[in-house]
Protein chains: 2
Amino acid sequence: MPHNPLPTLDDVARAAGVSTATVSRCLNKSGKVTEETRARVMKVVTDLGYTPNFSARALAAKRTFTIGAIVPTMANDIFARGLQAFQEVLNANGYTLLVSSTAYNPDREAEQVRTLIARGADGLLLIGYERDPSVYDLIEARGLPFVLSWAHRDTAPQPAIGFNNVDAMYDMARAVLDLGHRKIAVIAGVSKGNDRAADRVAGIHRAMADTGLDPTTAPVIETPYGFDTGAAVFAELMAAPNRPTAVICINDVLAAGALMQAQKMGLKVPDDVSITGFDDIELARLVTPNLATVHVPHREMGRLAAEDLIRRIETGEHGERSPLPSTLRLRASLGPPSSTS
Amino acid sequence: MPHNPLPTLDDVARAAGVSTATVSRCLNKSGKVTEETRARVMKVVTDLGYTPNFSARALAAKRTFTIGAIVPTMANDIFARGLQAFQEVLNANGYTLLVSSTAYNPDREAEQVRTLIARGADGLLLIGYERDPSVYDLIEARGLPFVLSWAHRDTAPQPAIGFNNVDAMYDMARAVLDLGHRKIAVIAGVSKGNDRAADRVAGIHRAMADTGLDPTTAPVIETPYGFDTGAAVFAELMAAPNRPTAVICINDVLAAGALMQAQKMGLKVPDDVSITGFDDIELARLVTPNLATVHVPHREMGRLAAEDLIRRIETGEHGERSPLPSTLRLRASLGPPSSTS
DNA sequence: ACGATGAATGAAAGCGCTTGCATTAGGGAA
DNA sequence: TTCCCTAATGCAAGCGCTTTCATTCATCGT
């Protein structure tokens, strides 16, 4: 491994006949430099192909221009999309993205936060609210700017760029109920450590209560994320004595699995049973019948989260925090209950 | 922003009554420390909640335990999956992942590489072979370990953990041809700067030549990645006078778009026209009919790439480089050409 | 019992950059 | 012309860690 050393600030300073302080000032646009010297220095910089060493810069300036994101997993379209947008904005502003994932394991998050702090991240992106309080302590003790995303609760103290999962799912449940469905079942995600999943179920319950139904009558089955698990739970649900006429799924992937299983079982959707999802990933428009779901602006969310976080880092102030809108996409997988069922 | 300073090596050293050198040695398991002092130091470390400052460590040791990945975009399932696996292995080995994306714009890659080098990445993950030679120069001048992925060419000098796109697509094209199809059309990705896309088309051409067909007779339409573009190209293709009996798509997303469009046009798949994809993302088993495609082990690939890269960084040596296997998944969207067409 | 031997530890020199403070030079006011 | 003020620049002290080299000390051979 030949280590052909990159030129350093000293090299540039010497070649330009100025001090390292001046070169540094040129590079950091901190004013206080004649246009003439700046030009001379910049020429040397490009001639030498100089690139500042970030580690050194970070050590001296206590700024890394690095932002950490901790997501459950990138292999989930909704996070991948949001993260991509997040990264684009970061890059456009001179920041670099450090990614870790928890595989939905809350315990790993604290560890990841520690690592990112040690690495000197200038800011943090976290998903949702629910986490060990010690994690928040860690971040706040350090005065580290952060923003939550993929969720939004009006009452929560933490800054969040996201949507209200309760309300969003309430709307969908309401739509289902308004069509006349009374026998509802829910395929839920694992709610432990996942407030988004929990909130969505809460939204369904609220809609039922508002419609005069007893929320406890609807079976709610939690299952890990995935098609196959969605399919399995659906099969179980439909094998039970008192079949639901509508199955509300906590996300599109689970719903797609359910849809696939329905087909396999020879059930017509929505005639025999309605199925709804959440997220409106592209898949929703590809399955047959098209999936009724809740549209969430993931890219937009990632973009806004990045902008908010950068603002927070650079100016200390923060933007508005009103929740992002989610909108119903009522597609063919949702219909009125059949009169015979 | 209250900056509650994290404890430093000095703090630990003082509290443990040893020198910073000793603490450093304990932390880096470099032997040369009595079990007794190590225990004492470690206790102080946990008591104080000490975490080393990576910037300082990087500056002093010229190691960052950071690995950079430059992908076209994370918002593409195949990269997201691979990257997730890549990141998991990295994390398990004490490395952190720095992500940038190029949005399939080759020009941006050189810039990203520079940034990652300046940030002191210990290694790099790049997608495919095709890039400006200056990028390779940059990396090699620095002696920076790297590995390519998502592609594999036996003749290429660069280390790669991937599969052979030509062969993989050859197999699929062969399967299509062997069913009797003679009028074939290709929905391709943009091949400029994307050797995976180009190689796949090459595979199709080779299969045609091997079957005694003139490769130039098959229309190849390039289009950016996406459903809607896939649908649009498909519509165009089927509107032409001499309709193909089989449309081979360069990836599953394009194929899914084509499938959707076929449905919209009232065409039966595969009776009226066969459609095939590539990648075998989950969507392939969700659309109706299920998509015939080429299965590629993306997660496995990400995992292996990470392991190879780490080995390369830590020991200088490299593992084997035989291509990963891809396998045909011949599903319902592919059938023999109808006799009437 | 004494010097030789080697293992554990400490002292200190950076790594490449930023930044507070000192210094210099140039320009305007008196 | 002299003096003061300001803007540009340089000096040098770190930032927190690793690592080389020197030092210390206990152990062993003779």
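Every chain is numbered from 1, with letters handed out A, B, ... down the list of sequences.
Pairs of residues two or more places apart, or lying in two chains, that qualify as ring pair (Phe, Tyr, Trp, His ring centres under 6.0 Å) and include a residue from residues 32-69 of chain B are B:F65-B:Y95.
Between B:W150 and B:F163, a ring centre-to-centre spacing not shorter than 6.0 Å is recorded.
Using a 4.0 Å cut-off between charged side-chain N and carboxylate O, B:E88 and B:R299 make a salt bridge. By the 4.0 Å N-to-carboxylate-O rule, A:R303 lies close enough to A:E300 to be salt-bridged with it.
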Strictly under 3.5 Å: I want the nitrogen or oxygen pairs between protein and nucleotides 23-28 of chain C, one per line.
none

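Shown here for A:L59 and B:A56, the closest heavy-atom pair between the two residues is CD1-CB, 3.7 Å.
Using a 4.0 Å heavy-atom criterion, one finds that A:S55 contacts no nucleic acid atom at all.
Side-chain atoms of B:Y136 and B:R131 form a donor-acceptor pair, as typed in the model, at a separation below 3.5 Å. In this structure, a donor-acceptor pair under 3.5 Å is present between the side chains of B:Q87 and A:S101. Between the side chains of A:S134 and A:D132, at least one donor N or O sits under 3.5 Å from an acceptor N or O.
If you check D:dT19, C:dT19, C:dG16 against the side chain of A:T8, the one that comes closest is C:dG16. Of all nucleotides listed (C:dT9, D:dG10, C:dG14), C:dT9 comes nearest to the side chain of B:R25. Considering only side-chain atoms of B:A21, the nucleotide from C:dT9, D:dT9, C:dA12 that sits closest is C:dA12. Closest approach to the B:K62 side chain among C:dG16, C:dG20, D:dA8 is made by C:dG16 (side chain taken as heavy atoms from C-beta onward). Listed nucleotides: C:dT9, D:dT9, C:dC17. Nearest to the side chain of A:T22: D:dT9.
Two end axes, each from the C1' atoms of five base pairs, can be drawn for the helix from C:dA1-D:dT30 to C:dA30-D:dT1; they diverge by 40°, to 10 degrees.
Remark on DNA chain C: of its neighbouring residues B:A61 and B:T20, the 5'-side contact belongs to B:T20, judged by nearest-heavy-atom nucleotide.
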